[in-house]
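By convention in this document, chain letters (A, B, ...) are assigned in the order of the sequence lines, proteins followed by strands, and residues within each chain are numbered from 1. None of the values given here were measured: they were computed from a predicted structure.
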Amino acid sequence: MSIEVKNITKVFGTYTALNDVSLEIKTGELVALLGPSGSGKTTLLRVIAGLEHPDQGSIVFHGNETTHIHTSERNVGFVFQHYALFRHMTVFENVAFGLRVRPNSTRPPEAQIVERVMKLLKLVQLEMLAKRYPSQISGGQRQRVALARALAVEPQVLLLDEPFGALDAKVRKELRTWLRRLHDEISVTTVLVTHDQEEALEVADRVVVMNRAKIEQIGTPEEVYMHPASPFIYDFLGNVNLFHGRVSDGKLIIGNMALSLPGTHQPMENAKVFIRPHALDLAHSANGVDQLKARIMHINPAGPLVRVELKSESSDVIQVELSQERYQELAIKRGDEVYVTPRQLKIFTDDYAI
Amino acid sequence: MQGGLAQRAKSGNTRTLATTEPWFVRWLLISAALLFLGFFLFLPLAIVFVEAFNKGFAAYFQSFNDPDAWSAIQLTLTAAAIAVPLNLVFGVAASWCIAKFNFIGKSVLLTLIDLPFSVSPVISGLIYVLLFGLQGWMGPWLSEHNFKVIFAVPGIVLATIFVTFPFVARELIPLMEAQGKEEEEAGLVLGASGWQVFTRITLPNIKWGLLYGVILCNARAMGEFGAVSVVSGHIRGHTNTMPLHIEILYNEYNFVAAFAVASLLALLALVTLAAKSLVEWRAQRLQDTEEGVK
């Protein structure tokens, strides 16, 4: 089912949580709402679920105006950040709840409820724990119970609020891939809220980056990562080096480095230059003026990429990521003076981006 | 230092040395507390029973043969039987509003709930006399319709309700606030109606706290003296509750009967306390298992 969010504004007292936000989600899509805490992403999810009423704007489910339809009639599945399992019910009863509360006319017979619940518990690999209480199972298991409970009512929309936020790194990764597989299997329209950019980029079909009650950018993970629309996104999605420089005569000047820019450029006084750590290379000797001189402060060779921390002549900290091969080839060590070459960069001023 | 460590290891005590006091300090504090308890709580309680049985079992049971005593017991139970359920309903409703919703006047409601705790019971009784008494605001209208509140059973019930008003709500509000409203929201999203959410999610989650509040409320309802004394008029066999009856008997130097009824009231209190401890223990155990696995 498609979801249309039209010009939603939500204010809590003096705090604006959503400011004229519009978004379209296609049927069967998995969309991640990504942003720092306080960006309004959870509020948007709760507005879609009907748990909050927007002050302005409307929500449309599959072409039908839904803004004033009560939560219990929207047929959405919602997974809460802290799972919100019913603590006095067993795992089985938690999952069965949505079926049991239906009016007589639409409630399936007991045998069918049992069958459906056990099928769902099997899907989330918890059929052995049906008789346990939420307090007796682990965080990852609770998460899966919450998901099974949400799926039991066969929702047309699945909404997940920081679903993996409270889990440790390993379980998180497992559940993430598992969720993606599950989504491909049952293909229900899914909206996921997260502040973890890695999670959003890995799982989602499209990523909606939010900041300060507004949407900053909507795009595929590749689009938002490779072509961030604003300095905020550049900074938020992955590590980035920020340099302050200026542009004149078609050249970017940072400290004593003058880098020729392709094409023609307006001169800029306060240019913010973003360069990802993996878009920088190191060399032992200077080959011109398009390099920054820096001293190696720290090397962390553990992991697939070698992380090198340097300090430029103007005392800026520069982070560089090298492949293991390149690291061996360079044979650098702490304290070395080296030259840094940018391969790819992005320049922003307040209202203009190259 | 060495000795302390060895002792700690031996007794399996996990307290750090910094929080352990020398033996004589512990001994002094414990005996002071026990003496105080014995003198101010246990001794009076024992005296109630000693005095009640002073002239033997026959005299003790003879005291309950009095129709006025029976009427007092009945009235006390009636007042409690009306006040407790009403305060239960009100307490649950009020704490539900306060814990789960934000509205204008929430702090006013909270203050109002606390009012009976902060006002002297005698004054609460007087308020009802001023409201419903013959010279009161509604007195003339009530007497016109031949309905007696003051110096009658309705007044006693009203005073009891007022005095026991905060017990259930005060018990539930912190509990419900701690539990938050996520479970209720989860229920709503799953398609449950408001009533289903309340009966299937909220109520089971608060049942131990609720029971605890009801027990305290009941104890106070049966034992209330001040407010009831003002509105009762002390009409023997009609408007005397147990505490009032005891006072009358005592003033008539009928000590055995006074202490016999008092012993019954004390017994009710002891049963209530036992029930309360049981509920507390149950709730604590549940909480422990919940936290133990986390």
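The distance from atom CG of B/Leu190 to atom OG1 of A/Thr71, rounded to the nearest 0.5 Å, is 11.0 Å. The line from CD of B/Gln196 to OG of A/Ser72 is 9.0 Å long, rounded to the nearest 0.5 Å. Of the inter-residue distances, the one linking A/Phe78 atom CZ with B/Glu182 atom CD reads 8.0 Å to the nearest 0.5 angstrom.
For B/Phe36, the CZ atom sits in a loose shell: 12 or fewer heavy atoms of surrounding residues, nucleotides or ligands are nearer than 6.0 Å. Within 6.0 Å of the NZ atom in B/Lys106, the count of heavy atoms belonging to other residues, nucleotides or ligands exceeds 12. Heavy-atom contacts from other residues, nucleotides or ligands closer than 6.0 Å to CD of A/Glu115 number 12 or fewer. Within a 6.0 Å radius of NZ in A/Lys173, no more than 12 heavy atoms belonging to other residues, nucleotides or ligands are found. Shown here is B/Phe117, whose CZ atom has more than 12 heavy atoms of other residues, nucleotides or ligands within 6.0 Å.
Chain B forms the most heavy-atom pairs under 4.5 Å with one residue out of A/Arg74, A/His82, A/Gln81, A/Arg102, and that residue is A/His82. Chain B forms more heavy-atom pairs under 4.5 Å with one residue of A/Asn75, A/Leu85, A/Leu99 than with any other, namely A/Leu85. Chain A forms more heavy-atom pairs under 4.5 Å with one residue of B/Asn102, B/Asn205, B/Val197 than with any other, namely B/Asn205.
Here the side chain of B/Glu183 pairs no donor or acceptor atom with the backbone of A/Ala84 at under 3.5 angstrom. Distance alone, capped at 3.5 Å, is enough to place a donor-acceptor pair between the A/His88 side chain and the B/Arg200 backbone.
Smallest separation of non-hydrogen atoms from B/Ala192 and A/Phe97: CB-CE2, 3.8 Å.
At a 4.5 Å heavy-atom cutoff, B/Glu184 makes no contact with chain A through either its backbone or its side chain. Contact of A/Arg100 with chain B is made through backbone and side chain together, with heavy-atom distances under 4.5 Å. The part of A/Val153 that comes within reach of chain B is its side chain, from C-beta onward, which places non-hydrogen atoms under 4.5 angstrom from that chain.
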task: Just do the side chain to side chain contact (heavy atoms under 4.5 Å, CB included) check on B/Gln179 and A/Arg87 with the steps written out, would you?
output: CA-CA 10 Å; B/Gln179 287 178 347; A/Arg87 65 194 93 186; 3.5 Å; yes

